[in-house]
A.B. asks: 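Sharing a structure below in structure tokens format, with a few things to ask.
The basis for the numbers below is simple: all heavy atoms, side chains too, and nothing from hydrogens, waters or symmetry mates.
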Amino acid sequence: MSKKPLALLSLLIPSLLGGDAAALTSRHAGPTDVQQISEPASRWHLRYAADDISQQIIPTTGNQAWLFVTDKRRRTTSLLHWNATSWQPVGNLPKQLRKATYIDVRASAPGDMVMVINHVQTEEDLTEHLWQFSGGRWTYHRPRRLLETQRTSDFAVLDQNHTWFAQGDGDGGGWMVHLNGTAWRQERLLGTLTTLAAAGPEDVWVVDQSGPPRTLHWDGKQWKDFTLPCVSSSSQHACYGRAGGLLLSSMTARSNNDVWAVGPNWADGALPVVLHWNGTAWNQVKLTVNDHTALVAVRTDPVGGVWIAANPAQAAPYVLNLRDGKWTRSTLPPSKQPVSIVDIAPATGTTRLWVHAKQGKGTSAIYELQ
């Protein structure tokens, strides 16, 4: 894997498109309550950059982090540990993962329990294998037969005893699968299950995109259907800035009355949509961003607040942060090549944020925002 240095800039240039300067003051407010978005000086630190790789960053406590690096050309995966000063290789990565060309990673909020799905392609099929990393040790979870034949679209890790998977069979059939320590529980849900979020063992959300988008909520006893705005079958008002059609790209849940969803993850010409569940209904949070803007990820933290990653088609990518009732914006440092945000990860219990960005055709970079 070849690395190349990138210029590190600590001062931002607040040069976004006009019209990106208003948002809701409260996460429980209606779609017409607006305030200005400020852009204070932020400190960006380039922590890692390399060519032709994919990366997945997992923050942990104490200003540390795990970084999974997959080099698709060399068909290898490696694991690095950030000790608040430098990256150090972790040598106990299982052989099956070291040879993986594609992995998907999720972790508990403190980063102390990591789940990795290893996708193995054979001449006949694609299979998924599940690995758990905690306490510095790796554990292989042998899946039930159902998991070997389904495809995971999203999954969420709460702790050692609770991991949820949204899966599909390719024919419109969906499954919600729960791993409770070592025991598997599965339930069939009709639809195309995509985005998943969990605030607790009895507080799980999943999006069904098989028709007009809807959200399903698990309250510990049953799944309930909750209508979204922005769809033709919704009894609520249509979403501001969209004539119809909605594809949610990301969802996050902090509690049973604080769930966020954003989309789409590409600039489709209509205004992107931010939705908030307040415990009773989904409502639109009106951000007057430029029409040609993609919202690729939304994340939450009890201390850091709500984070949203935005990729405007004609301006620099940025992240929005809602904290203490106020929105702020932090723009990525300037780049000589086209740049876009791939994902974001809050450092639990802090106001810091890790950002994974792509630059040009091959460079993948990890930034830390302080």
A.B. asks: Between the main-chain N or O of Ile341 and the side-chain N or O of Asn311, is there a donor-acceptor pair closer than 3.5 Å?
C.D. replies: yes
A.B. asks: When you compare the side chains of Thr70 and Thr77, does any donor N or O come within less than 3.5 Å of an acceptor on the partner?
C.D. replies: yes
A.B. asks: Of all residues at least two apart in sequence or in a different chain, which pass the salt bridge (Lys or Arg N to Asp or Glu O under 4.0 Å) check with Asp343?
C.D. replies: Arg299
A.B. asks: Quick one: does Ser153's side chain have a donor or acceptor within less than 3.5 Å of a partner on Leu193's backbone?
C.D. replies: yes
A.B. asks: Verify whether one side chain among His81 and Gln64 offers a donor that lies under 3.5 Å from an acceptor in the other.
C.D. replies: yes
A.B. asks: For atom CZ of Arg75, is the number of surrounding heavy atoms from other residues, nucleotides or ligands below 6.0 Å larger than 12?
C.D. replies: no
A.B. asks: Can you find a heavy atom in the side chain of Pro94 that is under 4.5 Å from one in the side chain of Tyr140?
C.D. replies: no
A.B. asks: Minimum heavy-atom separation for Lys358 and Ser364, please, with both atom names.
C.D. replies: NZ-CB, 3.9 Å
A.B. asks: Under the side-chain contact (heavy atoms from CB on, under 4.5 Å) test against Ser249, which residue among Thr195, Val262, Val207, Val298 passes?
C.D. replies: Val262
A.B. asks: Please check if Phe165 and Tyr102 belong to a single hydrophobic cluster, counting links between Ile, Leu, Val, Met, Phe, Trp and Tyr side chain heavy atoms closer than 4.5 Å.
C.D. replies: no
A.B. asks: Are Val342 and Met251 linked, directly or through intermediate hydrophobic residues, by side-chain heavy-atom contacts shorter than 4.5 Å (ILVMFWY only)?
C.D. replies: no
A.B. asks: Quick one: are Trp175 and Arg151 in side-chain contact, heavy atoms under 4.5 Å?
C.D. replies: no
A.B. asks: Just to verify, which of Thr139, Thr163, Leu179 counts as forming a side-chain contact (heavy atoms from CB on, under 4.5 Å) with Leu130?
C.D. replies: Leu179
A.B. asks: Would you check if Val355 and Leu353 make a side-chain contact, meaning some heavy-atom pair closer than 4.5 Å?
C.D. replies: yes
A.B. asks: Just do the side-chain contact (heavy atoms from CB on, under 4.5 Å) check on Asp154 and Arg106 with the steps written out, would you?
C.D. replies: CA-CA 9 Å; Asp154 200 2; Arg106 302 288 187 278; 2.9 Å; yes
A.B. asks: What's the shortest heavy-atom distance between Ala198 and Ala156, and which atoms?
C.D. replies: CB-CB, 4.2 Å
A.B. asks: Are Trp277 and Phe226 an aromatic pair, judged by ring center distance below 6.0 Å?
C.D. replies: yes
A.B. asks: For the side chain of His356 and the backbone of Gln55, is there at least one donor-acceptor N/O pair under 3.5 Å apart?
C.D. replies: yes
A.B. asks: Are Asp104 and Thr152 packed together at the side-chain level, in the sense that at least one heavy-atom pair is separated by less than 4.5 angstrom?
C.D. replies: no
A.B. asks: First locate atom NE2 of His178, then atom CH2 of Trp184, and finally report the distance between them rounded to the nearest 0.5 Å.
C.D. replies: 10.0 Å
A.B. asks: Are Leu80 and Trp82 side-chain neighbours, meaning at least one heavy-atom pair lies under 4.5 Å?
C.D. replies: no
A.B. asks: State the CG-OG1 distance between Asp225 and Thr215, to the nearest 0.5 angstrom.
C.D. replies: 6.5 Å
A.B. asks: Please name the pair of heavy atoms, one in Asp71 and one in Arg73, separated by the smallest distance, quoted to 0.1 Å.
C.D. replies: OD1-N, 3.1 Å
A.B. asks: Can you tell me how far apart OG1 (Thr351) and CG (Asn321) are? Round to the nearest 0.5 Å.
C.D. replies: 8.0 Å
A.B. asks: For Gly62 versus Ala84, what's the shortest heavy-atom pair and its separation?
C.D. replies: O-CB, 4.4 Å
A.B. asks: Using only heavy-atom distances, determine whether the side chains of Thr363 and Gln337 contain a donor-acceptor pair under 3.5 Å.
C.D. replies: no
A.B. asks: Quick one: do Val285 and Leu322 satisfy side-chain contact (heavy atoms from CB on, under 4.5 Å)? Show the steps, please.
C.D. replies: CA-CA 12 Å; Val285 178; Leu322 174 61; over 6 Å; no
A.B. asks: Check step by step if side-chain contact (heavy atoms from CB on, under 4.5 Å) holds for Ile308 and Trp327.
C.D. replies: CA-CA 11 Å; Ile308 299 175; Trp327 287 94; 3.9 Å; yes
A.B. asks: Looking at every heavy atom in both Ser255 and Asp203, which two are closest together, and how far apart are they?
C.D. replies: C-OD2, 3.3 Å
A.B. asks: For the pair Glu39 (side chain) and Thr331 (backbone), establish whether a donor and an acceptor sit closer than 3.5 Å, ignoring hydrogens and angles.
C.D. replies: yes
A.B. asks: Can you find a pair of side-chain heavy atoms, one from Trp66 and one from Val90, that are under 4.5 Å apart?
C.D. replies: yes
A.B. asks: Restricting to salt bridge (Lys or Arg N to Asp or Glu O under 4.0 Å), what partner residues turn up for Lys224, sequence neighbours left out?
C.D. replies: Asp219
A.B. asks: Under the salt bridge (Lys or Arg N to Asp or Glu O under 4.0 Å) definition, can you give me all pairs with a residue in residues 306-321, not counting sequence neighbours?
C.D. replies: none
A.B. asks: Rounded to the nearest 0.5 Å, how far apart are OG of Ser78 and CD1 of Ile53?
C.D. replies: 8.0 Å
A.B. asks: Applying salt bridge (Lys or Arg N to Asp or Glu O under 4.0 Å), can you list everything that pairs with Asp208, at least two apart in sequence or on another chain?
C.D. replies: Arg214
A.B. asks: Applying the side-chain contact (heavy atoms from CB on, under 4.5 Å) test to Gln56, which of Val105, Val114, Leu67 qualifies?
C.D. replies: Val105
A.B. asks: How far does CD1 of Ile57 sit from CZ of Phe68, to the nearest 0.5 angstrom?
C.D. replies: 10.0 Å
A.B. asks: Working to the nearest 0.5 angstrom, can you tell me the gap between Ile58 CD1 and Trp354 CH2?
C.D. replies: 11.5 Å
A.B. asks: Compute whether any side-chain donor of one residue and acceptor of the other, for His141 and Gln132, lie under 3.5 angstrom apart.
C.D. replies: yes
A.B. asks: Would you say the side chains of Trp260 and Asp258 form a donor-acceptor pair under 3.5 Å?
C.D. replies: yes
A.B. asks: Does the side chain of Met176 come within less than 4.5 Å of Leu196's, by heavy atoms?
C.D. replies: yes
A.B. asks: How far apart are the C-alpha atoms of Asn180 and Arg185, what are their side-chain angles, what is the distance that settles it, and do they pass the side-chain contact (heavy atoms from CB on, under 4.5 Å) test?
C.D. replies: CA-CA 8 Å; Asn180 183 0; Arg185 177 183 177 273; over 6 Å; no
A.B. asks: With distance as the sole test, does Arg352 use its side chain to make a donor-acceptor pair with the main-chain N or O of Gln370 at under 3.5 Å?
C.D. replies: no
A.B. asks: Holding to ring-ring contact (aromatic ring centres under 6.0 Å, His included), I want the full list of residues that pass it with His217, two or more places apart in sequence or in another chain.
C.D. replies: Trp205
A.B. asks: Can you give me the closest heavy-atom contact between Ser330 and Ser42, atom names plus distance?
C.D. replies: OG-OG, 3.0 Å
A.B. asks: For a 4.5 angstrom cut-off between non-hydrogen side-chain atoms, does Gln186 reach Gln167?
C.D. replies: no
A.B. asks: Can you pull the side chain to side chain donor-acceptor pair (under 3.5 Å) pairs that have at least one residue in residues 87-101, sequence neighbours excluded?
C.D. replies: Ser86-Gln88
